Novice: 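One structure, pasted below without further comment.
Residue numbers start from 1 in every chain, and the chains themselves are labelled A, B, ... in the order their sequence lines are given, proteins ahead of strands. Quick caveat, the model's predicted, so the values are computed rather than measured.
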Protein chains: 2
Amino acid sequence: MTEAAVERAAEVLTPYCRARDVLDRVGDKWSVYVITMLGERTLRFSELKRNIHVITQRMLTVTLRGLERDGLVERTVHPGYPARVDYALTPMGESLLDTMRALLTWSVEHVDEIDTARRHYDHTKPATTNP
Amino acid sequence: MTEAAVERAAEVLTPYCRARDVLDRVGDKWSVYVITMLGERTLRFSELKRNIHVITQRMLTVTLRGLERDGLVERTVHPGYPARVDYALTPMGESLLDTMRALLTWSVEHVDEIDTARRHYDHTKPATTNP
DNA sequence: CTGCATCCTGGTAGATACTG
DNA sequence: CAGTATCTACCAGGATGCAG
């Protein structure tokens, strides 16, 4: 009856289809950085830009828009000149950060093991799709 | 001194750079499906293909190779004709699945809230980039 | 300071066809 | 059954320039 179990697993995956949106967030390079940074405290656009120095302005904007749209980050505009905008995690954003941290922890803990596995794999199985 | 805290957060992110590999796994559409399926029991190539019916042969192969390379999945060939290959999670793979599940659970629990946030966002901020 | 618009490029997924 | 090879199309992301 393991067969049925597998089919059940396949069905269980259905709701995950919708969960993909969330997983994509975590899989998104910049979102993780931004969420982690904002987990520390509210930050302005330029502060985020400065701390994640390798990010492009465009990508920071795009990332923040996405996070705002998903209700994970709140954007607050302080009128004046020059304009000033604050970004902060919403409760849902903080909730995600908590969950995400577990995965980050796992990642950091297993990076070495994965590296080892990769080296071993690359060593024993000289690239099939090469040159 | 919140400033220092933020800088610390930025530094803390450094190891995450290497953790990106792991996050990419989770962000990868097919890896999540495969890992979840294999969490149920060992499966053959064709069984995976059948249960994740929308996946391409190529993508299934590519995904499995990646997971094998990272030491998350173990590949066992049973000689004979037709050939037969089993895929199973390694201990590390199971460990990842456990951690991943928390995120999957979070996702499923918050999908509605995110959808709502998106609708609200799209409603209040009529597309900036539109015809 | 903050952020939108535009153009351009490389990687990546899908379709398809062929083998051990 | 379990792949590999190849070709194409698309889109995310980087560079750049301008504006409120």
Side-chain angles (χ1 to χ4, degrees), chain A residues 17 20-21 23-34 37-38 42-70 73-88 121 125-131, chain B residues 17 20-21 23-34 37-38 42-69 73-88 121-122 125-131:
Chain A
C17 291
R20 277 242 53 81
D21 292 343
L23 298 177
D24 286 341
R25 272 269 101 71
V26 178
D28 182 48
K29 190 175 179 180
W30 305 119
S31 292
V32 177
Y33 281 80
V34 171
M37 294 296 305
L38 293 182
T42 295
L43 288 167
R44 294 168 51 185
F45 186 89
S46 52
E47 291 177 314
L48 283 167
K49 178 78 178 68
R50 190 160 42 235
N51 283 291
I52 316 176
H53 54 93
V54 289
I55 197 174
T56 301
Q57 279 196 352
R58 191 179 105 86
M59 288 322 292
L60 182 53
T61 301
V62 170
T63 301
L64 286 169
R65 284 297 163 283
L67 293 172
E68 187 193 357
R69 189 170 106 97
D70 285 359
V73 159
E74 189 183 21
R75 180 170 179 268
T76 311
V77 182
H78 296 86
Y81 194 84
R84 172 187 167 149
V85 184
D86 281 346
Y87 291 93
Y121 183 92
K125 319 210 170 181
T128 44
T129 311
N130 237 12
Chain B
C17 291
R20 277 243 52 81
D21 292 343
L23 297 177
D24 286 341
R25 271 269 100 72
V26 178
D28 181 48
K29 190 175 178 180
W30 304 120
S31 292
V32 177
Y33 281 80
V34 170
M37 294 297 304
L38 292 182
T42 294
L43 288 167
R44 295 167 50 185
F45 186 90
S46 54
E47 292 176 314
L48 283 166
K49 178 81 179 66
R50 190 161 41 237
N51 283 291
I52 316 176
H53 54 93
V54 289
I55 197 174
T56 302
Q57 279 196 353
R58 192 180 104 86
M59 287 322 292
L60 182 53
T61 301
V62 171
T63 302
L64 286 169
R65 284 297 166 281
L67 293 172
E68 187 194 355
R69 188 169 107 97
V73 160
E74 189 184 21
R75 179 169 178 266
T76 311
V77 181
H78 296 86
Y81 194 85
R84 172 189 167 146
V85 183
D86 282 346
Y87 291 93
Y121 184 93
D122 294 343
K125 318 211 171 181
T128 46
T129 311
N130 238 10

Novice: Taking the nucleotide of DNA chain D with the nearest heavy atom to each, does B:Thr61 or A:Val54 sit closer to the 5' end?
Specialist: B:Thr61
Novice: Judged by atom type as modelled, is there a donor-acceptor pair below 3.5 Å linking the side chain of A:Asn51 to the main-chain atoms of A:Glu47?
Specialist: yes
Novice: Kindly give the heavy-atom pair with the smallest separation between B:Leu48 and B:Met37, and that separation in Å.
Specialist: CD2-CB, 3.9 Å
Novice: Is B:Arg58 side chain donor-acceptor paired with the D:dA5 base, going by distance under 3.5 Å alone?
Specialist: no
Novice: Nearest-Å distance, NZ (A:Lys49) to P (D:dG14)?
Specialist: 11 Å
Novice: Take atom CZ of A:Phe45 and atom C1' of C:dT2, then tell me their distance rounded to the nearest Å.
Specialist: 6 Å
Novice: In terms of side-chain heavy atoms of A:Asp28, which of D:dC1, C:dG14, D:dG13 is nearest?
Specialist: D:dG13
Novice: From CZ of A:Arg25 over to C1' of D:dA12, roughly how many Å is that when rounded to an integer?
Specialist: 14 Å
Novice: Give the rounded distance in Å between these two atoms: CG of A:Leu48 and P of C:dC1.
Specialist: 14 Å
Novice: Assuming nearest nucleotide by heavy-atom distance, tell me which of B:Gln57 and B:Ala83 is located more 5' along DNA chain C.
Specialist: B:Gln57
Novice: A:Trp30 has a side chain; which of D:dG14, D:dC1, D:dG3 sits nearest to it?
Specialist: D:dG14
Novice: Report the distance from atom CE of B:Met59 to atom C1' of C:dG11, rounded to the nearest whole Å.
Specialist: 12 Å
Novice: For the side chain of A:Ser46, starting at C-beta, report the closest nucleotide among C:dC1, D:dT4, D:dC1.
Specialist: C:dC1
Novice: Between P on C:dA13 and NZ on B:Lys29, what's the gap in Å once rounded to a whole number?
Specialist: 10 Å
Novice: Find the distance B:Arg84:CZ to D:dC1:C1' and express it as a whole number of Å.
Specialist: 11 Å
Novice: Is the side chain of A:Arg20 donor-acceptor paired with the backbone N or O of B:Gly27 at a distance under 3.5 Å, no angle test?
Specialist: yes
Novice: Which heavy-atom pair separates B:Arg69 from A:Tyr121 by the least distance, and what is that distance?
Specialist: CG-CD2, 3.4 Å
Novice: Give the rounded distance in Å between these two atoms: CZ of B:Arg65 and P of D:dA2.
Specialist: 12 Å
Novice: Taking 4.0 Å as the cut-off, does a side-chain nitrogen or oxygen of B:Tyr87 come that near to OP1 or OP2 on D:dG3?
Specialist: yes
Novice: So which heavy atom on B:Val26 is nearest to which on B:Val32, and how close?
Specialist: O-CG2, 3.2 Å
Novice: Please determine, for the side chain of B:Arg75, which listed nucleotide (C:dG3, C:dG14, D:dA2) has the closest atom?
Specialist: D:dA2
